[in-house]
There are 2 protein chains.
Amino acid sequence: MYVSARTDYAVRAMLSVTAEHPRLVKAATLAAAQEIPLSFLQGILLDLRRAGLLHSHRGVDGGYALARPAEEITVGDVVRAVGGALATVRGLPTTHATYHGAAFGLHDVWVAVEEAIEGVVDHKTLAELSTIKESA
Amino acid sequence: MYVSARTDYAVRAMLSVTAEHPRLVKAATLAAAQEIPLSFLQGILLDLRRAGLLHSHRGVDGGYALARPAEEITVGDVVRAVGGALATVRGLPTTHATYHGAAFGLHDVWVAVEEAIEGVVDHKTLAELSTIKESA
DNA sequence: GCGTAAGCCTATCTAGTAGATAGGAATGAT
DNA sequence: ATCATTCCTATCTACTAGATAGGCTTACGC
């Protein structure tokens, strides 16, 4: 029930890339636009590329672009790419938690919580989110 | 999206108290039953009492009991008593997170996630959970 | 009363890790 | 060749979750 800075940065960066689609955006540009430490962001972008969400290009005029249409990338995809499981109990997947005695039923609660989170993040696409604009 | 040991312990302890209702249960008994470090548990029980969820009694034959019927205590009550907000972004409440530029719409996502979690934990009572038994 | 068993409370320790940084190697365009 | 950029690894630092220790306070029995 804690969204890490890493996760938050990742989604923000992806949305910034979405806004420039299909142009390539430099890591430095993203860092400035969303006020993210550059070195930290580079590691995050690497994860996103390895997860198949971003395409990267090196050298002069290099940068990052979405590997798939914004309509086909959900917030859940991004969160999982950088943070692993959506919900964890003491660092372990919810399904891995086992309880005994009076607490036996607790397992079901954590699983239900995870499914509730999935219900939200797996249905919000970057395309949807990028249509929401800051009102002046 | 991380359930801390403290939160997990708190719910387990509450369920153990529920099972003995309305008898008083000693902290040491709870610790043994749910395999929770005693000293750590004592701090948690203190929080639960201060939140008005537990009644405590000192001295010989002292212990803890539910301050309200199990039907009127939800998992959400317990989580909030020991952990503060249900969902946080980089340690801050979801409502406190502000975004600019392309990431503006992200705020709504985190809020929706928190509401989804609330929908689960605020409707599961200790009474319901305590009816789920371990099958032999 | 006095002793004992329990909860109450504060201070503290420790280890893990989130967050951030640095520096160089690989790559691609001009 | 050179420069700009991504790629990758190693590392640092500060925070805090998790756990511990020890003394204080309350309640009951004798």
Side-chain angles (χ1 to χ4, degrees), chain A residues 1-13 16-17 20 23-32 34-67 79 82-85 88-92, chain B residues 1-13 16-17 20 23-32 34-67 79 82-85 88-92:
Chain A
M1 310 182 172
Y2 172 82
V3 178
S4 68
R6 187 176 182 80
T7 298
D8 190 51
Y9 288 163
V11 187
R12 281 158 62 187
S16 277
V17 175
E20 300 296 323
R23 270 162 293 173
L24 287 170
V25 192
K26 296 189 215 313
T29 306
L30 295 171
Q34 288 295 324
E35 292 174 7
I36 302 171
L38 176 58
S39 310
F40 195 31
L41 176 62
Q42 286 178 328
I44 295 169
L45 292 171
L46 215 54
D47 280 347
L48 294 170
R49 186 188 63 97
R50 279 196 271 240
L53 301 180
L54 285 181
H55 164 73
S56 70
H57 200 71
R58 294 211 243 194
V60 180
D61 290 325
Y64 296 89
L66 296 183
V79 172
V82 297
T88 57
V89 177
R90 307 176 63 186
L92 301 171
Chain B
M1 312 180 171
Y2 172 83
V3 178
S4 68
R6 188 177 181 79
T7 297
D8 189 51
Y9 287 163
V11 187
R12 283 159 60 189
S16 277
V17 174
E20 299 297 324
R23 269 161 292 172
L24 287 170
V25 192
K26 296 190 216 311
T29 306
L30 295 172
Q34 288 295 324
E35 291 174 10
I36 303 171
L38 176 57
S39 310
F40 195 31
L41 176 61
Q42 285 177 329
I44 295 168
L45 292 170
L46 215 52
D47 279 348
L48 294 171
R49 186 188 62 97
R50 281 196 271 242
L53 300 180
L54 285 180
H55 164 73
S56 70
H57 200 71
R58 295 212 245 193
V60 181
D61 291 325
Y64 296 88
L66 297 183
V79 173
V82 298
T88 57
V89 177
R90 309 176 62 189
L92 300 172

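Atom set for the values below is all heavy atoms of this structure, side chains included, hydrogens, waters and symmetry mates excluded. By convention in this document, chain letters (A, B, ...) are assigned in the order of the sequence lines, proteins followed by strands, and residues within each chain are numbered from 1.
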Would you give a per-nucleotide map of nucleotides 7-23 of chain C, 5' to 3', where B means the base has a protein non-hydrogen atom under 4.0 Å away, S means only the sugar-phosphate does, and - means neither?
BSS---------SBB--
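With sequence neighbours left out, the salt bridge (Lys or Arg N to Asp or Glu O under 4.0 Å) criterion links A:D61 to no other residue. Taking B:R49 as the reference, nothing meets the salt bridge (Lys or Arg N to Asp or Glu O under 4.0 Å) condition, with sequence neighbours excluded. Residues satisfying the salt bridge (Lys or Arg N to Asp or Glu O under 4.0 Å) test with A:R23, not counting sequence neighbours, are A:E20. With sequence neighbours left out, B:R90 forms a side-chain hydrogen bond (donor to acceptor under 3.5 Å, both in side chains) with A:Y9.
In this structure, the CG atom of A:L92 is 15 Å from the C1' atom of D:dA17, given to the nearest Å. What separates CG of B:L24 from C1' of D:dT26 is a distance of 14 Å, to the nearest Å.
Sequence neighbours left out, the pairs with a member in residues 3-13 of chain A that pass salt bridge (Lys or Arg N to Asp or Glu O under 4.0 Å) are A:R6-A:D47, A:D8-A:R12.
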